[in-house]
Amino acid sequence: MASLKMTISCFFFLQILLFSLSSFAQTNAQELEVGFYDNTCPKAELIVKQTVFNTIKKTPTLGAPLLRMFFHDCFVRGCEGSVLLELKNKQDEKNAIPNLTLRGFDIIDNVKAALEKECPGIVSCSDVLALVSRDAMVALNGPSWEVETGRRDGVVTNINEARANLPSPFDNITSLITQFQAKGLDKKDLVVLSGGHTIGNGHCPQITNRLYNFTGKGDSDPNLDTEYAVKLRKKCKPTDTTTALEMDPGSFKTFDESYFNLVSQRRGLFQSDAALLDDQETKSYVLKHMNSDEYSTFFKDFGVSMVKMGRIGVLTGRVGEVRKNCRMVN
Ligand code: HEM
């Protein structure tokens, strides 16, 4: 009899636990959706698009950092806008070394201000980042994709988390695969999203070792094309800390497939670009997309991987907040 009572109370306890867990999941892990603001702020996506298009028309070089900003947001604490937060003591993500070269924060402010005017307190800063990165690519004749929205903004930013979670240009393929896997992204996402390096710039310190002292013996990286290394050495003297380098020389303002052509010729700028030739799967993607006249597969793949990246660690439902000012918590 006692054991029957015990079984019944265990059963009820389990029922209550399952019910609480499922309602917790409903309030906290609501799905993102395309058109989340259709009813609450119908003009939201149009406002973002207009602001981004006007900006890129005037300053096409801003497209690249706006794409990179979304990547750097998503890899640290998830896509919840923590990359935008500023702390008085400067111990925020923005001040971590990889983020010191991010640009375009004022564009995010402009977009957010326009949205606040139209529908105050509705559109999150993390969704602004997701929409802006897509629209910036479209403005550069790149791919388009449907952006899922409904993210809410986080309230924490920490410099050490940015240091720990952002991949380095010196990383090898094993490390890159592991870091992407930790965020739920696979090898295909890694090689496809690395294709984002078809636009924008790097800087000399990220390749000085490849040019001058690869193994500590004054040598250069054997995985870097020798003719290209000569060109790069002319631009980057060993102590140069400031010179910018086009990652896709000649077409760094146009989103195209030439990145894969460069990587296949051992002309990828960073070790992390060259590393894509060190794994069978990533290598075969690179080779398949070099010299291709037809951009459709890469463009489509890029959109799919961006949507996947945009789901990392999102806050939805009642978790987090919708910031009024993207630089500070409410
Ligand atoms: C795979 C690991 C990655 C590494 C190690 C890496 C590293 C870097 C580094 C070191 C720079 C140069 C920044 C500067 O000096 O200003 C850079 C630039 C850039 N990265 Fe990546 N990146 C990676 C993946 C990605 C992804 C996934 C995206 C977006 C989908 C992306 C988009 C960009 C863009 C657009 C730029 C140019 C930024 C500008 O012109 O200001 N990167 N990346």
Side-chain angles (χ1 to χ4, degrees), residues 56 59-76 79 83 96-105 107 129-130 132-134 136-137 139-140 142-143 145 162-163 165-210 235-236 240-249 251-256 259 263 268-279 282 285-286 298-299 301-310 312:
I56 301 295
T59 325
T61 51
L62 271 174
L66 289 171
L67 172 65
R68 188 170 177 240
M69 197 185 289
F70 186 51
F71 162 52
H72 282 209
D73 185 39
C74 292
F75 264 59
V76 185
C79 315
V83 72
I97 286 177
N99 285 337
L100 294 177
T101 45
L102 282 182
R103 293 181 299 130
F105 293 110
I107 310 305
L129 288 175
V132 163
S133 57
R134 188 267 316 269
M137 295 312 98
L140 294 177
W145 60 94
R163 287 177 183 143
N165 284 281
L166 293 170
S168 142
F170 309 107
D171 282 338
N172 65 26
I173 192 68
T174 316
S175 166
L176 292 169
I177 292 170
T178 312
Q179 292 175 78
F180 271 61
Q181 264 169 2
K183 308 290 173 194
L185 300 176
D186 58 23
K187 288 185 192 181
K188 184 168 180 191
D189 299 312
L190 167 63
V191 61
V192 167
L193 291 172
S194 295
H197 287 177
T198 175
I199 48 169
N201 291 310
H203 289 88
C204 290
Q206 294 144 1
I207 57 158
T208 314
N209 69 327
R210 298 192 85 193
K235 292 193 172 152
C236 295
D240 186 332
T241 54
T242 50
T243 302
L245 301 163
E246 294 171 23
M247 291 196 288
D248 183 355
S251 89
F252 76 111
K253 287 187 236 167
T254 314
F255 198 108
D256 54 27
Y259 170 80
V263 172
L269 194 59
F270 305 135
Q271 278 164 262
S272 58
D273 297 314
L276 297 172
L277 296 176
D278 295 338
D279 171 87
T282 53
Y285 191 93
V286 170
F298 169 51
F299 275 28
D301 294 342
F302 194 79
V304 170
S305 292
M306 285 295 287
V307 170
K308 221 170 141 186
M309 186 173 84
I312 301 173

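Both ligands and their constituent atoms are indexed starting at 1 by order of listing. Since we're looking at a predicted model, the values are computed, not measured.
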Protein contact of atom 9 (C) of ligand 1 - nearest heavy atom, named by residue and atom, plus distance: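 The protein heavy atom lying closest is F270 CE1, 3.4 Å.
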Return the closest protein heavy atom for atom 5 (C) of ligand 1 as residue, atom name and distance.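 Scanning the protein heavy atoms, the shortest distance from atom 5 (C) of ligand 1 goes to S168 O, 3.2 Å.
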Which option out of [options] puts a heavy atom nearest to [atom]?
atom                    : options               : answer
atom 13 (C) of ligand 1 : H203, R68, H197       : R68
atom 40 (O) of ligand 1 : N201, V191, T61       : N201
atom 35 (C) of ligand 1 : G195, P167, A64       : A64
atom 10 (C) of ligand 1 : A275, C204, G63, P169 : P169

Check each of H203, Q206, R68 against T101 using the side chain to side chain donor-acceptor pair (under 3.5 Å) test, and report the only one that passes.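 Of the listed residues H203, Q206, R68, the side chain to side chain donor-acceptor pair (under 3.5 Å) partner of T101 is R68.
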For S272, the ligand 1 atoms whose distance to one of its heavy atoms is below 4.0 Å: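 Selected atoms, number and element: 5 (C).
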Are D186 and K308 ion-paired here, with the side-chain N under 4.0 Å from a carboxylate O?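 Judged by the 4.0 Å cut-off on N to carboxylate O distance, D186 and K308 do form a salt bridge.
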May I ask you to check whether D171 and S272 show a side-chain donor-acceptor distance below 3.5 Å?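 No.
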Please check if the number of heavy atoms outside K253 that lie under 6.0 Å from its NZ is greater than 12.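 No.
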For F255 and F298, take the angle between the two ring planes, folded into 0 to 90°, and tell me which bin it lands in: parallel under 30, tilted 30 to 60, perpendicular over 60.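 Ring orientation of F255 relative to F298: parallel.
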